[in-house]
Amino acid sequence: MKALHISAECYPAAKAGGLGDVVGALPKYLSRAGMPAGVVIPRYQLSWIQQHSFHTIYKGVVRLHNQYVPFTIQQESSNALDFPFFVADIPGKFDRPGIYADPGGYSYGDDVERYLCFQQAVLQWIVNSPGRPQLLHCHDHHTGLIPFMVKHCPEYQALRNIPTVFTIHNGVYQGAFSWNNLYLMPAFDAGARGLLDWNNAINPMATAIKCAWRVTTVSPNYLKELEQQSNGLELLLQHEQHKCTGILNGIDAQVWDPEADPFIAARLNGKLDAFKIANKQALAKHFKLDPKLPWITFIGRLVGEKGADLLPGLVSRALHNGLQAAFAVLGAGDPGLQDALRQLSYRFPGRFDAALEYNEGLAHQLYAGSDFIFMPSRVEPCGLNQLYAMRYGTIPIVRAVGGLADTVPDIGEPNDQGRGIRFTHFDLDDANLALYRAVQCYHNPEVLAEVRERIAALDFSWEKAAAEYIDIYDQMI
Ligand code: ADP
């Protein structure tokens, strides 16, 4: 194992969003390209982890102020993920039924302690392991203090020359906490205190940007956007520009394969049109929508970042004005928004339906059976939904931000390379116009077939992104 990925999520063991997808796929493709990589995440009380067998490879104790927290590092025994997969079992901290929140949607209140324990458990294990990885790749703020700890905590001095890469999957969540929690930190060189600080708080994401050898974002455009707007990190990112690279995520072509996907009702057998119709009909058993209409689907966390708050106003306006389309939503999040969406399904039976849950299988079925995927995001670091959708011949309707701008040229552009429908402003008028354009496109069979064929043939596989990461690793190792 040359590279060790340290993360809060890894599909299929633990996934809440795109972070899980990336960390579950990238190491596989790195290993295939000659850069053996493994992953370590916390041990949650989640079904995949409970259904697989793990053996303990390290036992230790983390000190958290005056508390001693025992932990074990365990390795999955059957190599089910095609790469070495480890969990840090820290009783009392992560043995819970959710990753970030309990199943009722309430966030756990002890993230500072939890992630400090996790990061130190991993470092202690690495320091004491004979076959150390040559590089640490940390993902998002949950692991953002690691590049600092290896350089400035005497306990991990043996790792001070180990290269660290930090990937920003989502700059909105920075993990900042008050200096009042300083007593929870492991001992560090007093002179390094400034590296922890950003806006009078300890900010793990800012610290990682300062201390990691290299920083990556999950799309080139997102890096540019972060330099202009990133909740207070703009100047820091501009200053550290020389070590930052935007690398567009890939998709795991094995997991998202319309010809072999075990979740969907009908597999692709050459004929895209028949594939779409069969899956839409099967889906109509779950979503009470008219299959003769174009289906416009939203999948994602019901939060402001994803623009989910636009949905109730937009859908009621469009349907009220007679738009001939049906809307499906799969998502969980803001309870107020969930209520608003529930009400829409009562108001517009047959035209709007929502599954207000997290359901991996249903997401696959929706990518296969929908005609359009709707992504009115305010912020979109990369966006994987549009990539999955395109692979299944589903046309994206996107607001042109972040990775959406990188991956979805408009079908109205003159070079005939369009992949979807774009709109610019985050408002009802612009989004509404995009919906009308989608319905128009649906009723033009020639254009519809051509765009579907084009997007389903695109190659967003991880090989290209893995090669870019390897390039960065090679410069450091
Ligand atoms: P983010 O990580 O910001 O949530 P991404 O587009 O990078 O957004 O990744 C979202 C991933 O989570 C996709 O794999 C998407 O299919 C999945 N997803 C989001 N919400 C749900 C849900 N309610 N049920 C199933 N899968 C979901």
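In this chain, residues are counted from 1 in sequence order. One-based numbering, in listed order, for ligands and for the atoms of each.
Within a 6.0 Å sphere centred on NZ of Lys464, heavy atoms belonging to other residues, nucleotides or ligands number 12 at most. Residue Glu234 places its CD atom among more than 12 non-hydrogen atoms of other residues, nucleotides or ligands, all under 6.0 Å distant. Within a 6.0 Å sphere centred on CG of Asp273, heavy atoms belonging to other residues, nucleotides or ligands number 12 at most. Dense packing is recorded around CG of Asp110, with more than 12 heavy atoms of other residues, nucleotides or ligands lying under 6.0 Å away.
Heavy-atom separations between Glu357 and ligand 1 include at least one value shorter than 4.0 Å. The closest approach between any non-hydrogen atom of Tyr11 and ligand 1 is not below 4.0 Å. At least one heavy atom of Lys15 sits closer than 4.0 Å to an atom of ligand 1. Within the structure, the closest approach of Gly383 to ligand 1 falls below 4.0 Å when heavy atoms are considered.
Protein heavy atom at the shortest distance from atom 16 (O) of ligand 1 is Tyr367 OH, 2.8 Å. The single protein non-hydrogen atom nearest to atom 8 (O) of ligand 1 is Lys306 NZ, 3.0 Å, given as residue, atom name and distance. Protein heavy atom closest to atom 13 (C) of ligand 1, with residue, atom name and distance, is Asn385 OD1, 3.4 Å. Atom 19 (C) of ligand 1 has its closest protein heavy atom at Gly300 CA, 3.7 Å. In terms of protein heavy atoms, atom 22 (C) of ligand 1 is closest to Tyr358 CD1, 3.5 Å. With hydrogens left out, the protein atom closest to atom 4 (O) of ligand 1 is Arg301 NE, 2.8 Å, a heavy atom.
Residue contacts with ligand 1: Asn359 is placed with a nitrogen or oxygen under 3.5 Å of a nitrogen or oxygen of the ligand (distance criterion only). Residue-to-ligand polar distances keep Trp256 apart from ligand 1: every N/O pair is separated by 3.5 Å or more. Polar contact with ligand 1: present for Gly18 (N/O pair, distance under 3.5 Å).
Aromatic rings of His52 and Phe85 (six-membered ring for Trp) have centroids beyond the 6.0 Å cut-off, not under it. No close placement of the Phe177 and His141 rings is indicated, their centers lying 6.0 Å or farther apart.
For Val40 against Ala88, the heavy-atom pair with the smallest separation is CG2-N, 4.3 Å.
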Discussion item. Side chain to side chain contact (heavy atoms under 4.5 Å, CB included), that's the test. Do Met375 and Arg399 meet it? Break it down for me.
Written reply: CA-CA 6 Å; Met375 302 180 71; Arg399 178 159 174 261; over 6 Å; no

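Numbered from 1 in the order shown, with element, the atoms of ligand 1 that lie under 4.0 Å from a heavy atom of Tyr388 read 13 (C), 14 (O). Heavy-atom proximity to Ala363, at under 4.0 Å, picks out these atoms of ligand 1: 25 (C), 26 (N). Ligand-side atoms of ligand 1 in range of Gly331: 23 (N), range being under 4.0 angstrom from any heavy atom.
Counting heavy atoms from C-beta on, the side chains of Cys138 and Leu145 never come closer than 4.5 Å.
Aromatic ring pairs are classed by plane angle as parallel below 30°, tilted from 30° to 60° and perpendicular above 60°; the pair Phe287 and Trp295 is perpendicular.
Taking each of Ile251, Leu330, Asp21, Leu384 in turn, the one with a heavy atom nearest to atom 14 (O) of ligand 1 proves to be Asp21.
Note that Arg32 lies in the cation-pi zone of Tyr29, set by a 6.0 Å cut-off to the ring centre and a 45° limit from the axis.
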